[in-house]
Amino acid sequence: MIRWRRMRNPHFAVRGLLRNIQGPCHGPMLTRISNNESVPSCSFTTGLRPKSSYRDTDLYSLNKKISHLIRTGRIFEARALFDSTKNRNTVTWNSMISGYVQRREMGKARKLFNELPERDIVSWNLMISGYISCRGSGYIEEGRKLFDNMPERDCVSWNTMISGYAKNGKMDEALRLFTSMPKRNVVSWNAMITGFLRNGNVVRAIEFFERMPERDAASLSALISGLIQNDELDKAARVLFEFGNKDEAKEDLVHAYNTLIAGYGQVGRVEEARHLFDHIPFYHEQSKEGNVTFKRNLVSWNSMIMCHVKVGDIASARELFDLMTERDTFSWNTMICGYVHSSNMKEASNLFGKMPNPDTLSWNTMISGFMEIGSLTLANDFFERMPQRNLVSWNSMIAGYEKNEDYNEAAKLFTQMLLEGEKPDRHTLSSVLSVCTGLVDLHLGMQIHQLVTKTVIPDVPIYNSLITMYSRCGAINQARTIFGKMKMQKDVISWNAMIGGYASHGFSKEAIELFEVMRRLKVRPTYITFISVLHACAHAGLVEEGRKQFKSMTCEFDIEPRVEHFAALVDIVGRHGQLEEAMDLINTMPCEPDTAVWGALLSACRVHQNVELARVAAEALMRLEPKSSAPYVLLYNMYADVGQWDDAAEIRMLMEKNNILKQPGYSWVDSVG
DNA sequence: GTAGGGTTAG
């Protein structure tokens with residue numbers, strides 16, 4: 001038997017329509033797909049209906065109406081129509097069941113199936129396919145039960161069951177069915193290949209592909225895309241070169257090239273992608289309707305531009321873009337996005353201005369670009385002017401304000417968003433939690449937490465934002481509760497947030513203990529982890545522990561100590577009175593000491609009454625922050641304390657000379673706390 | 001009315 005199928009149209013909407021056209025087509029582009037095994041025909045499977053009675057015509061249009069309603073998502077109307085008539089046949093029932101199956105409403109599907117007076121193979125197959133697409137092993141067992149109990153099975157039944165097992169990672173069982181089925185067709189083989197690849201068995205997939213008696217476009221497509229998913233790009237390329245030319249469906253072949261170009265692009269292998277792009281073959285095919293040419297298409301160009309953009313090679317991307325004879329919205333958006341990511345908003349704006357019909361994505365890209373370079377006004381201007389906003393537009397604005405630390409504006413916009421009836425998603429909520437952190441607004445934070453609970457299933461980043469929010473707003477116990485509630489795998493940010501929270505609240509012991517837990521669980525710390533850990537050591541006066549941790553950073557984890565770590569270590573040893581060691585550290589550290597480092601030393605000198613070193617530290621601070629009065633004041637007080645009045649007077653004169661106003665309050669003392 | 005695959009984006 002030969003199934004006819006239309007050539008795929010690149011436009012999704014049209015494609016969707018085409019897929020639903022039943023029966024023989026007589027369009028201009030037809031491709032032939034053969035089956036090894038004939039599918040048992042029933043009177044309703046062919047478009048060629050016998051000359052029928054009025055009643056049959058009626059039934060036919062009823063069935064058509066029901067499936068149309070289902071296709072357009074109007075299941076209730078479909079059901080109402082179904083219920084309103086007594087004149088139904090098995091196809092009517094099956095259509096209705098199919099509607100429920102597509103929506104995974106297996107309870108309703110099953111009820112109809114049980115009530116169905118005359119089930120045919122399709123009814124059974126529909127139910128099986130419904131069960132196997134539901135997640136959970138119980139469902140696949142239910143499907144299997146039906147499969148075992150059905151009075152008669154066809155190839156579709158077997159193949160459905162096979163792909164069900166393959167989807168659930170049960171390749172043993174899939175293989176058992178595959179070997180025991182009475183007659184296999186190309187779909188059976190393809191399902192096995194897909195299954196192997198989905199479960200990471202590249203070798204078996206290739207073996208099956210080579211062994212199969214007949215291949216079609218889907219076989220090649222399944223193998224290539226599966227290999228790409230298994231990071232076997234080069235194998236995929238080899239398969240494409242070796243088997244691609246034997247494929248009859250040339251449009252599918254271009255498709256495969258495009259897939260592979262995108263695959264290479266994703267991992268930054270632009271040269272290989274470009275090689276493929278440059279070698280997509282041309283085909284001329286003669287058909288009754290005339291010549292058809294297959295060659296690289298718009299998607300090929302767009303994908304290639306995308307590759308260049310991804311690695312930041314805007315010049316090459318632009319070169320291709322300028323060569324294109326036909327561009328779609330995607331081409332423009334990709335190019336604009338490239339400029340946005342290289343912070344070239346001038347060129348991005350230029351292209352945006354020339355673009356024929358910017359869509360919401362184009363506007364959103366511009367907004368995030370302006371936010372990225374801190375042009376809040378321009379971002380807002382675009383946001384106000386755009387004809388149609390979506391959730392991403394709001395999210396980009398809110399996240400943009402948050403990143404630029406304009407927390408009030410971010411909060412205002414969030415309120416406006418809610419007022420306009422837009423529903424926040426996890427991205428919105430995560431940004432808004434950061435806004436609460438920035439505002440140090442525990443009350444607002446708790447409200448957002450409520451909203452999170454009501455609207456999303458929290459993922460790791462959301463939990464992390466919650467921990468940070470609670471911790472920075474002073475609610476360390478709530479932070480601890482959230483941390484404890486995370487049942488999923490915590491990432492290093494979760495650990496850092498909690499350890500940092502403990503450290504900043506003075507819970508040094510908890511911070512260090514939690515770090516030990518993290519190490520035991522083999523979570524790799526980052527430099528941020530060590531800043532918190534060292535601060536905890538400093539705060540608790542754990543000198544040896546601090547030295548040990550500092551050393552382990554390089555020895556054990558290969559993390560280069562940054563100036564923050566040196567500041568903490570200077571603080572640790574300095575507090576303990578080891579001022580010479582602290583000074584040595586400063587003299588030998590590989591990076592330039594900053595105010596936190598000198599500040600730590602100065603504080604230590606004050607506590608341990610070392611005026612000579614205090615002077616060194618204070619002078620360094622005066623150089624780094626010429627306007628700050630703090631080092632002058634501190635040094636003055638120290639001289640006064642030990643009765644060195646001449647030196648104290650000198651400091652006072654220096655202050656006047658340098659025009660330093662005695663202003664209290666400055667941060668370097670806090671910044672090492 | 002049922003089974004296998006599939007390109008590009010925030």
Side-chain angles (χ1 to χ4, degrees), chain A residues 8 10 12 15 22 33 35 39 42 44-45 63-64 66-67 70 89-99 101-102 120-130 132-133 154-164 166-167 185-195 197 216-226 228 249 251-252 254-263 265-266 296-307 309-310 328-338 340-341 359-369 390-393 395-396 399 427:
Chain A
R8 256 67 49 76
F12 293 115
R15 227 172 76 181
Q22 298 302 312
I33 300 168
N35 261 353
V39 175
C42 84
F44 304 111
T45 50
N63 293 346
K64 254 185 98 164
I66 288 182
S67 49
I70 287 168
N89 65 5
T90 305
V91 174
T92 326
W93 286 83
N94 287 349
S95 305
M96 206 55 236
I97 290 175
S98 155
V101 159
Q102 278 163 36
D120 65 5
I121 292 196
V122 175
S123 328
W124 289 88
N125 289 348
L126 270 167
M127 289 305 296
I128 296 173
S129 94
I132 64 139
S133 327
D154 66 3
C155 221
V156 176
S157 328
W158 288 89
N159 292 343
T160 307
M161 220 40 242
I162 287 174
S163 87
K167 272 187 196 130
N185 64 12
V186 68
V187 177
S188 326
W189 288 87
N190 290 350
M192 288 303 291
I193 291 171
T194 311
L197 289 166
D216 65 6
S219 326
L220 188 67
S221 181
L223 184 59
I224 287 178
S225 65
I228 293 172
E251 195 188 305
D252 282 316
V254 176
H255 206 87
Y257 269 93
N258 293 347
T259 311
L260 204 45
I261 289 171
Q266 224 109 69
R296 18 181 218 218
N297 56 24
L298 200 50
V299 176
S300 324
W301 284 88
N302 289 346
S303 303
M304 198 56 233
I305 291 178
M306 186 81 249
C307 294
V309 162
K310 215 157 230 162
D328 65 0
T329 314
F330 194 97
S331 330
W332 287 92
N333 284 348
T334 309
M335 211 50 238
I336 291 174
C337 186
V340 161
H341 280 138
D359 64 359
T360 305
L361 194 133
S362 328
W363 288 89
N364 290 347
T365 309
M366 293 301 290
I367 288 174
S368 66
N390 63 13
L391 183 57
V392 179
S393 325
N395 287 350
S396 308
H427 301 283

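Naming: A, B, ... by sequence-line order, numbering from 1 per chain. Treat the numbers as computed from the prediction; the structure is a model and nothing was measured.
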Nucleotide of B:dG5, B:dT7, B:dA3 approaching A:Asn159 most closely (side-chain heavy atoms): B:dA3
To the nearest angstrom, the NE2-P distance between A:His427 and B:dG10 comes to 12 Å
Give one of base, sugar-phosphate or nothing for A:Leu361, where a contact means two heavy atoms less than 4.0 Å apart. base
To the nearest 0.5 angstrom, please state how far the CG atom of A:Leu197 sits from the CD1 atom of A:Ile224. 11.0 Å
Spell out yes or no: do the side chain of A:Asn185 and the base of B:dA3 have one donor N/O and one acceptor N/O closer than 3.5 Å? yes
Where the side chain of A:Phe330 is defined as all heavy atoms beyond and including C-beta, which of B:dT8, B:dA3, B:dG5 is the nearest nucleotide? B:dT8
Can you measure A:Ile121 atom CD1 to B:dT2 atom P for me and round it to whole angstrom units? 15 Å
Counting only side-chain heavy atoms from C-beta out, which of B:dG4, B:dT7, B:dA3 sits nearest to A:His255? B:dT7
A:Lys310, nearest nucleotide to its side chain (from B:dA9, B:dT8, B:dT2): B:dA9
Could you give the CD1-to-C1' distance, from A:Ile193 to B:dA3, as a whole number of Å? 15 Å
Quick one: label A:Thr334 by what it contacts on the DNA or RNA (base, sugar-phosphate, nothing), any heavy atom closer than 4.0 Å. nothing
Over all strands shown, is A:Thr365 touching base, sugar-phosphate only, or nothing at heavy-atom distances under 4.0 angstrom? nothing
Give a yes or no on whether a donor-acceptor pair under 3.5 Å exists between the nucleobase atoms of B:dG10, that is its base, and the side chain of A:Asn333. no
So what does A:Asn390 touch, heavy atoms closer than 4.0 Å: a base, only the sugar-phosphate, or nothing? base
Specify the separation, in whole Å, of atom CG of A:Leu298 and atom P of B:dT8. 14 Å
Length of the line joining A:Asp120:CG and B:dT2:C1', which is rounded to integer Å: 9 Å
Nearest to the A:Val122 side chain among B:dT2, B:dA3, B:dG10, which nucleotide is it? B:dT2
Nucleotide nearest A:Ser221 when distance is taken to its side chain, options B:dG5, B:dT8, B:dA3: B:dG5
Without decimals, in angstroms, what is the distance between A:Trp301 CH2 and B:dA9 C1'? 20 Å
Among A:Asn364, A:Asp359, A:Thr365, exactly one meets side-chain hydrogen bond (donor to acceptor under 3.5 Å, both in side chains) together with A:Asn333. Which residue is that? A:Asp359
Expressed as a whole number of angstroms, how long is the span from A:Asp216:CG to B:dA3:P? 16 Å
Between P on B:dT8 and OH on A:Tyr257, what's the gap in Å once rounded to a whole number? 18 Å
Under 4.0 Å: is that the gap between some side-chain N or O of A:Lys167 and OP1 or OP2 of B:dG4? yes
Which nucleotide sits closest to the side chain of A:Val392: B:dG10, B:dT2, B:dA9? B:dG10
Taking the minimum atom-to-atom distance to the side chain of A:Asp359, which one of B:dG5, B:dA3, B:dA9 wins? B:dA9
Quick one: which of B:dA3, B:dA9, B:dT2 gets closest to the side chain of A:Cys155? B:dA3
Determine whether the side chains of A:Asp154 and A:Asn125 contain a donor N or O and an acceptor N or O closer than 3.5 Å. yes
Give A:Thr259 one of three labels, base, sugar-phosphate or nothing, depending on what nucleic acid heavy atoms sit under 4.0 Å from its own. sugar-phosphate
Using only atom types and a distance under 3.5 Å, with no angle test, would you say the side chain of A:Asn185 pairs donor to acceptor with the backbone of A:Ser188? yes
Within the 4.5 Å heavy-atom criterion, are A:Thr329 and A:Leu361 side-chain neighbours or not? no
When you get a sec, tell me which of B:dG4, B:dT2, B:dT7 is the closest nucleotide to the side chain of A:Val187? B:dG4
I need the minimum non-hydrogen distance between A:Ala222 and A:Thr194, along with the two atoms involved. CB-OG1, 3.8 Å
